[in-house]
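Below you'll find the structure, written out as structure tokens, and then a few comments.
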Amino acid sequence: MGKENIINADENDKGKKGPDFIRQIINRDLETGKNGTRVHTRFPPEPNGYLHIGHAKSICLNFGIAEDYEGGLYNLRFDDTNPEKEETEYVEAIKEDIKWLGFDWKDRLFFASDYFDKFYEFALELVNSGKAYVDSLPAEEIREYRGTPTKPGKNSPYRDRPIEENLEMLENMKNGKYKDGEHILRAKIDMSHVNMNMRDPAIYRIKNARHHRTGDKWHIYPMYDFAHGYEDAIEGITHSICTLEFENHRPLYDWFLNNVSAPCHPQQIEFARLNLSYTVMSKRLLLELVTSNLVDGWDDPRMPTISGFRRRGVTPTAIRKFAKEIGVSKVNSLIDMNFFYYIIREEMNETADRVMAVLDPLRVVITNYEEGKTEEFDADNNPQIEDGGTRKIPFSREIYIERDDFMEDAPKKFFRLAPGREVRLKHAYFLTCNDLIKDKEGNVTELHCTIDPETRGGNAPDGRKVKGTIHWVSAAHAIDAEVRLYDNLFTLEDMADMEEGKEYKDYLNPESEIILKNCKVEPSLAHAVPGAPYQFLRKGYFSADSKYHTREKPVFNRVVALKDSWAKLQKK
RNA sequence: AUCCCGAUGGUGUAAUUGGUAACACACCAGAUUCUGGUUCUGGCUUUGGGGGUUCAAGUCCUCCUCGGGAUGCCA
């Protein structure tokens, strides 16, 4: 049974890639029967901020692993051991984001605070076996006593406090008899250990603070290192997957489990957290962006948060695909944001309905088209899908085209509209520009063009070709819309490379959000709902903004631009 | 400085665990196209350095170099 459960390259990834190093470890454990046939993981967020794409990687890893193995289980556990930083608001937001990603933890929602009583029993065990003591040194002195990586620390004068006294003081700590920081419970390990984490680490600190779930019951709160392994053990976690910065803490994780009567001993495995170019993944910085109103909340479409990407129009499947494709390793790496954009495009190319929207309108009068006349064309919704269906597009004498689809002095390589040149209006007619009208400043304000009636539907009976096809909307039928173009939040590829003396705000991209208020979109977009992807033909993938979009005042966000080889050519 | 971890093309991840270094992205060139999108074809570039074991090393050993982490009563 366990053997059949083992993931190999063939079934996991169509023979392309072998299992990642974590799944290899699990495969081995299954072979040796280390945990029987069980595979049980968890995602343990601290409810002190919103989830970002880096958390999504971790969720997809942890929960994805459990889903991969027959009978695998995964828990959602809030690691709420620090009452001063955590809030219920975040708990709800985190649950919503994970659900949206498509994971269902069923009845396995837990809180570290549910285990506070058990933690206390474990602490008593440690005290009773002489492996923990109450220290009364002030924080600064504890720091001094700890030494440095090159100099060993020295024992606290309170290190050999009698067990009975420790017990009594711990009880008093618990009951709120002391002020914050007055005493601390520490593990008695080794003050000269080469691993600083092992130099008598803190177990309980006094915080006379109200906890979002346990209220005023506790006056002491457990430290991460002490609590985390117990949380895992209590839940029967088999593989406790965390990020690289906890590698130095693994000996501690194991020490705490080894020195009490823990129900089992999960294995901690570390992987490299996600770094994405042109953005930051630090909760502190993201919180700062929000509180200083540099962005429009945690779900600003420029934010690398799950809720930000959701509002922008990214789909959960794209995020999951991304998480899978970037892989897992122990190397600190920087993923190119363009790779994420590629994943989004790859999906939306298949799923997004094509529509026409003119972002920067230029009026075109078709001088040989009857005034007041309207006709309709059938337009395919998605050429990638066989039965993608069609919709009607109205056409009339005055239309809008994209301003940069016209050039007065056009180079040879420019395949779009220019005086005397002919292009195709997508789905409609061939169009030739005859005249242009300018304002006093010399800006082109209107084009006078003619269509070839013979080319109705988009093809010429005489077989002549046009180099360019452009999109358009009928002026009389267009819907006014606001369109927001989003781009990278920061201008620096690797935000870890910030120059000294500068702060991350110095690298904010002023063009990360461009709001266009005079856009003209085709009538079918009247039914757009947030989350549904559209391809604005030749422009990019867009979705209605979940915060501001209304039927009366449409607002569309650009999820990602289309590849643009003309723009690339121009740069040369 | 000490300890821990890591190093495979421009980027990210593989390599049947000692047996032809591959997949994707990016980039370049061309073809196709009623989206300068998509699709297709071709090209480019890789095992950080020295030494060793072996018939055979990206993989094992050793030294070096470089990068990251660790000196919270944060997680």
Side-chain angles (χ1 to χ4, degrees), chain A residues 8-9 13 15-20 24 44-46 48 79 81-82 84-86 135 138-139 142-143 146-153 180-186 193-197 199 201-207 220-221 223-225 227-228 242-251 270 272 277 283 325-336 338-339 341-343 345-346 349-350 354 356 379-380 383-384 413-416 423-428 430 457-459 465-471 496 535-541 561-570:
Chain A
N8 59 50
D13 239 343
K16 289 285 195 307
K17 284 186 176 186
D20 57 70
Q24 285 178 31
E46 185 189 10
N48 67 345
D79 204 1
T81 54
N82 188 344
E84 287 164 349
K85 296 168 66 180
E86 295 148 5
D135 198 353
I142 287 186
R143 203 178 317 124
R146 188 155 35 230
T148 69
T150 42
K151 272 169 277 166
D180 284 15
E182 209 173 327
H183 305 285
I184 191 162
L185 185 71
R186 301 177 72 180
H193 200 108
V194 287
N195 184 341
M196 298 281 294
N197 296 128
R199 319 244 260 229
I203 290 175
Y204 271 119
R205 73 284 217 198
I206 299 172
K207 278 182 191 289
I220 53 173
Y221 291 92
M223 298 292 292
Y224 170 89
D225 285 315
H228 203 84
C242 62
T243 44
L244 248 31
E245 66 267 31
F246 293 103
E247 210 158 20
N248 290 324
H249 295 244
R250 192 177 349 119
E270 310 86 12
S277 64
K283 272 194 210 177
E325 291 298 314
I326 56 176
V328 202
S329 73
K330 296 189 69 164
V331 189
N332 284 300
S333 59
L334 182 69
I335 307 281
D336 191 340
N338 289 315
F339 184 67
Y341 293 154
Y342 155 77
I343 296 287
R345 281 195 207 101
E346 183 188 45
N349 181 46
E350 303 298 324
R354 273 59 171 171
M356 294 204 283
D380 52 334
Q384 304 295 314
K413 294 266 185 125
F414 186 77
F415 301 148
R416 283 111 93 146
V423 296
R424 174 169 32 234
L425 293 174
K426 179 81 178 172
H427 303 305
F430 282 12
N459 285 301
K465 303 276 191 221
V466 287
K467 284 285 240 183
T469 299
I470 63 173
H471 61 279
Q535 186 191 104
F536 286 9
L537 228 55
R538 305 205 301 134
K539 283 289 159 189
Y541 294 101
L562 244 33
K563 280 211 272 187
D564 189 346
S565 52
W566 167 240
K568 208 182 272 183
L569 238 183
Q570 279 176 303

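Naming: A, B, ... by sequence-line order, numbering from 1 per chain.
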At under 4.0 Å between heavy atoms, what does A:H249 touch on the DNA or RNA strands: base, sugar-phosphate, or nothing?
base
Please check the phosphate of B:U38 (OP1 and OP2 only) for any side-chain N or O of A:K563 closer than 4.0 Å.
yes
From B:A75, B:C73, B:G68, nucleotide with atom closest to A:N332 side chain:
B:G68
Counting only Watson-Crick or G-U wobble pairs whose two distances fall under 3.5 Å, which nucleotide matches B:G42?
B:C28
Please confirm whether the shortest side-chain N or O distance from A:R205 to OP1 or OP2 of B:A75 is below 4.0 Å.
yes
Heavy atoms only: give me the nearest A:L537-A:R354 pair and the separation to one decimal.
CD1-CG, 3.2 Å
Between A:T150 and B:C3, is there a contact of a side-chain N or O with OP1 or OP2 at under 4.0 Å?
no
B:A24, B:G36, B:C3: which one has an atom nearest the side-chain heavy atoms of A:D564?
B:G36
Aromatic-base stack, A:F339 on B:G12, cutoff 5.5 Å, angle under 30:
no
Is any side-chain N or O of A:T148 closer than 4.0 Å to OP1 or OP2 of B:U2?
no
Could you please name the partner base of B:C23, counting Watson-Crick and G-U wobble pairs only when both distances are under 3.5 Å?
B:G12
Just to confirm, is there a sub-4.0 Å distance from OP1 or OP2 of B:G37 to any side-chain nitrogen or oxygen of A:R345?
no
When you measure from the side chain of A:P149, which nucleotide among B:A1, B:G37, B:C5 comes out closest?
B:A1
Identify whether any heavy atom of A:V328 sits under 4.0 Å from a base atom; if not, whether one sits that close to sugar-phosphate; answer base, sugar-phosphate or nothing.
sugar-phosphate
A:K330 side chain, from C-beta outward: closest of B:A75, B:G12, B:G6
B:G6
Among B:G36, B:G37, B:C74, find the nucleotide with the atom closest to the side chain of A:L562.
B:G37
Distance col, row A:T148:OG1 vs A:M196:CE, nearest 0.5 angstrom, shows 6.5 Å
Specify the glycosidic conformation (syn or anti) of B:U17, with syn defined as within 90° of 0.
syn
Look at all strands and tell whether A:G147 reaches a base, only sugar-phosphate, or nothing, counting heavy atoms closer than 4.0 Å.
sugar-phosphate
Would you indicate, yes or no, if B:C73 has its OP1 or OP2 atom less than 4.0 angstrom from a side-chain nitrogen or oxygen of A:R146?
yes
Report yes or no: does A:R345 contribute a side-chain atom to a donor-acceptor pair with the main-chain N or O of A:A561 at less than 3.5 Å?
yes
Between B:A24, B:G6, B:U35, which one does the side chain of A:Y342 approach most closely?
B:A24
Does the side-chain ring of A:Y224 sit on the six-membered ring of the B:A75 base, less than 5.5 Å centre to centre and under 30° in tilt?
no
For a quick check of understanding: with a heavy-atom distance under 4.0 Å over all strands, which category does A:K207 fall into, base, sugar-phosphate or nothing?
sugar-phosphate
What's the closest nucleotide to the A:R354 side chain, out of B:C74, B:U35, B:A7?
B:U35
Distance test, side-chain N/O of A:K151 to OP1/OP2 of B:A1, below 4.0 Å:
no
Of the options B:U71, B:U35, B:A75, whose atoms approach the side-chain atoms of A:Q535 most closely?
B:U35
A:R538 has its side chain closest, among B:U35, B:C74, B:A70, to B:U35
Using a cut-off of 4.0 Å on non-hydrogen atoms, how would the nucleic acid contact of A:Q24 be classed: base, sugar-phosphate, or nothing?
base
Could you check B:G72 for me: syn (within 90° of 0) or anti?
syn
Should B:U71 form a Watson-Crick or G-U wobble pair with both distances under 3.5 Å, which nucleotide is its partner?
none
Please name the nucleotide paired to B:G6 by Watson-Crick or G-U wobble geometry with both distances under 3.5 Å, or report none.
B:C66
Contact class for A:N48 vs. all strands (heavy atom < 4.0 Å): base, sugar-phosphate, or nothing?
nothing
Could you give the distance separating B:A21 and B:U2 at their P atoms, to the nearest angstrom?
39 Å
Which is true for A:P45 with a 4.0 Å heavy-atom rule: it touches a base, it touches only sugar-phosphate, or it touches nothing?
nothing
If you look at every strand shown and take non-hydrogen atoms under 4.0 Å, does A:H427 touch a base, only sugar-phosphate, or nothing?
base
Any donor-acceptor N/O pair under 3.5 Å between B:U71 base and A:R143 side chain:
no
Check whether any side-chain N or O of A:K283 sits under 4.0 Å from OP1 or OP2 of B:C74, and answer yes or no.
no
